[in-house]
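For reference, the structure discussed in these notes is given below.
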Protein chains: 2
Amino acid sequence: MGKRHISLKDLAHELGVSISTVSRALKNHPDISPEMTKKIKALAEERNYTPNPLAMGLLRQQTKMIGVIVPDINTHFYSSIISGIEKVAKEHGYFIVITSSNESMQKEIESVENLLKSRVEGLIVCLSQETNDFTHFEKLIRNEIPLVFFDRVCEELEVPAVLANGQDATKKITQHFFKNGCKRIAYISGPEHLNISQNRKVGYLNGLKECGLEYDQDLLIHCNLSIEDAKLATQKLLRLKNKPDAIFGVNDTIAFAAMIEVKKQGYKIPDDISLAGFTDEFHSIVVDPPLTSVSHPTFQMGEEAAKLFFESIEKETNINKKVMLPIDLVVRESSVKKQ
Amino acid sequence: MGKRHISLKDLAHELGVSISTVSRALKNHPDISPEMTKKIKALAEERNYTPNPLAMGLLRQQTKMIGVIVPDINTHFYSSIISGIEKVAKEHGYFIVITSSNESMQKEIESVENLLKSRVEGLIVCLSQETNDFTHFEKLIRNEIPLVFFDRVCEELEVPAVLANGQDATKKITQHFFKNGCKRIAYISGPEHLNISQNRKVGYLNGLKECGLEYDQDLLIHCNLSIEDAKLATQKLLRLKNKPDAIFGVNDTIAFAAMIEVKKQGYKIPDDISLAGFTDEFHSIVVDPPLTSVSHPTFQMGEEAAKLFFESIEKETNINKKVMLPIDLVVRESSVKKQ
DNA sequence: AAGGTTTTCGCAAAGCTTTGCGGAAATAAA
DNA sequence: TTTATTTCCGCAAAGCTTTGCGAAAACCTT
């Protein structure tokens, strides 16, 4: 046991000077003589002194912690975003506390409470797919606690956010399918109330219109963001008398699930059914056939989210800035028919 | 701005009593009269009081933080382990600070320093693939700062650790290949100094021996844990005059990379070359053909690591307990020849 | 009514750092 | 030698909580 860290007091005691002298010397205060400063710095170096962040936090009323809430930590999408946040946080001398809502609103609410108890200075969050009530965030806003959303946001709330341009992406995918000869393009979307679902639906509809295709509501399915639900949704599509010749999923999980199901039922990809997803997993390469997908700039999304956060902190007021990031369509074999 | 959190002082002031009275009332100290206690608790509830963790930390000399260092945060393997750690940490009222070494020893050293500066109470770490010097950990041990390793460990150091039984797993894989008619079983291993590489090599050799196969050193390649290096290693194996009829990789990244390369060169899996990996990614299912692999109990590894950590904390002494977790071989199509 | 008990609460210190202010010593000036 | 400056450093408070100890008030006893 013993003491693991030494304090200014220890240094002061060892040198026979006061604590304040040590403190000042360490930050080159002119009040302290050069020799004394030198002596103190030498000892501090030798003893490996670092200021106690708890004491500093108490004094400055700040913990240098950011709370991060993601729906799921075990996917490349979120862990990559987290990396981006972490990088910028580190540059500002902050560190992040990560919690997962597991796509549950209840857990999300608990996370907010727990993080606040831990005195994080603010929150960076991606909504759970269940979240349709926002009182737990409204409280934050009233108390002027910095809050930033990313990817999934609540558009009614005046909260800074970083978004990917899903509307543009779905439009591009739809057009891409059309150019490759697809006429019945299906779309497996996420829960209807999520902003990403809505935006992407708009892009999908716009894409259809521009291609002169008619919207068939049978080809648009909303489902929860789980493998099981996505498989069921795919089955539903494949049971249609007038089957789709292209399917794209609202995220990576759904795209992969659809691929499994399509293959299982013996359809050839892309010749029978073309496929595309929203993903930037490297696995889209190793999958067979390689999956056409729109790649999110995940790391950058994290960086931007953190930047917005620090703007909020510095301005000491709630800014309401939205950052929209472009998405690239990466065409691979799953959507290019050979015939 | 204003004050975002209220303190005992605020409550005391509002009620016209002293801080200590409030503090005692909140923990049902018998010195405080029932009515006073009731009144104080009611106000605390209303004002939503929670103790300031900074002040508590300063008092108790503990931050309730655990530092976690992983080689890479963007893989399911590590994020799943982190989830396990986080769960147990939460149960103990701790939270975790995650940093990534990016497989670099230099970054690992910096991480240790930074986490210590942040006054984490201890560290849970998985060594970077580069790490061959351990002075930064020896210092921790000397200072009796709790330390737990997982997966990749330093066997010279007396540090509690949780391991997966890779030796057993590689033996099983080797035998499985043999039973399926493979005679020239290749193994792409990781950096030679890593304990996981060594253990798995032993299992590989034992497996060969039990099957009556001879060890051909051409079939054992050490390479860095990156896609690029793994592709090169695979190319090297495929250039052999006496080619392998089975390949397994030391982790998921390598297995997938090998699959890409094998396919690219036009070999049929599993008929020409069988494949297996170490992974528990759900993507091993969606890959074509589905990849035979040993599944790590990642979440459990995280839990066990955290448990060891808290044993160290409670015992206030460095225990040296190793926990060995079994690994399951999950046979899929990539290793079952049809002929 | 006076002394003794019990009940109920406040003071102060400790944990660590920063910083305004005041004070002592040293130097310069008169 | 005395006064005025300058140089160098320490006191103390603030930020928040816990807790040993002491003290005031209320009660009971005789």
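Since we're looking at a predicted model, the values are computed, not measured. Quick note on labels: first sequence line is chain A, next is B, and so on, each numbered from 1.
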Which of the following nucleotides, [options], is nearest to the side chain of [X]?
| X | options | value |
| --- | --- | --- |
| A:K27 | C:dT18, D:dT17, D:dT18 | C:dT18 |
| A:S20 | C:dC11, D:dC11, D:dG15 | D:dC11 |
| A:S18 | D:dG15, C:dT18, D:dG10 | D:dG10 |

Salt bridge flag under 4.0 Å for residues A:E155 and A:K322: no
For atom [atom1] of [X] and atom [atom2] of [N], their distance in whole Å:
| X | N | atom1 | atom2 | answer |
| --- | --- | --- | --- | --- |
| A:H29 | D:dC9 | NE2 | P | 12 Å |
| A:K38 | D:dC8 | NZ | P | 16 Å |
| A:D10 | C:dT17 | CG | C1' | 13 Å |
| B:I19 | D:dA13 | CD1 | P | 14 Å |
| A:K9 | C:dT18 | NZ | P | 15 Å |
| A:K117 | D:dC16 | NZ | C1' | 18 Å |
| A:L26 | C:dC16 | CG | C1' | 14 Å |
| A:K64 | C:dT17 | NZ | P | 16 Å |

Check the angle between the aromatic planes of A:Y94 and A:F309 and answer parallel, tilted or perpendicular using the 30° and 60° thresholds. perpendicular
Net bend of the helix from C:dA1-D:dT30 to C:dA30-D:dT1, end axes of five pairs each, nearest 10 degrees: 70°
Return yes if some donor-acceptor pair links the side-chain N/O of [X] with the main-chain N/O of [Y] below 3.5 Å, else return no.
| X | Y | answer |
| --- | --- | --- |
| A:N114 | A:S111 | no |
| B:Q129 | B:E103 | no |
| B:E108 | B:L127 | no |
| B:N195 | B:V153 | yes |
| B:N102 | B:S104 | no |

Within the structure, does a side-chain N or O atom of [X] lie under 4.0 Å from either OP1 or OP2 of [N]?
| X | N | answer |
| --- | --- | --- |
| A:S23 | C:dT17 | no |
| A:Q61 | D:dA14 | no |
| A:R60 | C:dC16 | no |

Out of curiosity, B:D151 CG to B:I196 CD1, how far, rounded to the nearest 0.5 Å? 5.0 Å
Rounded to the nearest 0.5 Å, what separation is found between the CG atom of A:L26 and the CD1 atom of A:I32? 10.5 Å
Nearest-nucleotide comparison on DNA chain C, the residue closer to the 5′ end among B:E35 and B:R119: B:E35
Can a donor-acceptor pair under 3.5 Å be found between the side-chain atoms of B:R24 and the base atoms of D:dG20? yes
Tell me if the side-chain of A:D31 makes a donor-acceptor pair with the base of D:dC8, cut-off 3.5 Å, by modelled atom types. no
For a quick check of understanding: with a heavy-atom distance under 4.0 Å over all strands, which category does B:I32 fall into, base, sugar-phosphate or nothing? sugar-phosphate
If you look at every strand shown and take non-hydrogen atoms under 4.0 Å, does B:S33 touch a base, only sugar-phosphate, or nothing? sugar-phosphate
Audit row: A:E304, A:K321, salt bridge (charged side-chain N to carboxylate O under 4.0 Å, His left out) steps and yes/no: CA-CA 11 Å; A:E304 293 295 335; A:K321 190 165 141 189; over 6 Å; no
Contact list please: residues 39-58 of chain A against DNA chain C, heavy atoms, distance less than 4.0 Å, in numerical order. A:Y49, A:P51, A:N52, A:A55, A:M56
